[in-house]
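We number each residue from 1, following the sequence as shown.
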Amino acid sequence: GRKDVTMEDAENRLPDGSLTSGAIRDYFRQLGFSDEELVALLGAHTVGRWTSLLGVQPSCMAEEGLNFWICTREQGRRLPFTSR
């Protein structure tokens with residue numbers, strides 16, 4: 001974790017980890033994020049660690065909960081990662 005903070009989410013601004021994909025979209029839309037910005041944010045923090053959303057069909061992106069994760073993992077293109 002970050003070394004420059006003493007408390008996780010001190011301002012209580014992060015969404016609950018149990019939110020469905022639709023609820024996550026709604027949460028970040030309220031903050032002014034577009035779907036494209038949300039995909040970039042999620043990809044950079046979580047989803048991108050195991051797959052990308054490249055090649056995922058819109059119908060898959062509309063799924064909720066576990067179905068969303070299964071669908072995106074099946075359709076998403078795996079990206080090579082490099083280490084330093």
Side-chain angles (χ1 to χ4, degrees):
R2 291 178 49 173
K3 307 253 186 253
D4 62 336
V5 294
T6 57
M7 232 178 104
E8 292 182 12
D9 193 21
E11 297 175 12
N12 200 29
R13 293 187 57 179
L14 298 176
D16 185 301
S18 67
L19 294 177
T20 65
S21 59
I24 290 170
R25 289 173 84 187
D26 291 343
Y27 177 86
F28 281 99
R29 281 183 184 151
Q30 291 175 10
L31 297 175
F33 284 79
S34 68
D35 284 342
E36 290 81 10
E37 292 166 326
L38 177 56
V39 168
L41 179 66
L42 291 177
H45 284 87
T46 323
V47 179
R49 293 182 188 201
W50 53 270
T51 192
S52 74
L53 297 177
L54 296 172
V56 175
Q57 298 297 314
S59 60
C60 179
M61 293 298 291
E63 293 287 341
E64 293 288 333
L66 182 59
N67 288 337
F68 170 78
W69 296 110
I70 291 171
C71 186
T72 57
R73 186 161 177 116
E74 290 173 353
Q75 291 185 16
R77 185 176 348 146
R78 302 320 183 255
L79 301 176
F81 290 93
T82 59
S83 60
R84 292 183 179 186

Testing the basics here: between Cys60 and Gln75, what is the closest heavy-atom pair and its distance to 0.1 Å?
CB-OE1, 3.7 Å
Value rounded to 0.5 Å, distance of CD in Glu74 from CD in Gln57
13.0 Å
Euclidean distance, Asn67 CG relative to Thr20 OG1, rounded to 0.5 Å:
11.5 Å
Please report the interatomic distance CE(Met61) to OG1(Thr72), rounded to the nearest 0.5 Å.
7.5 Å
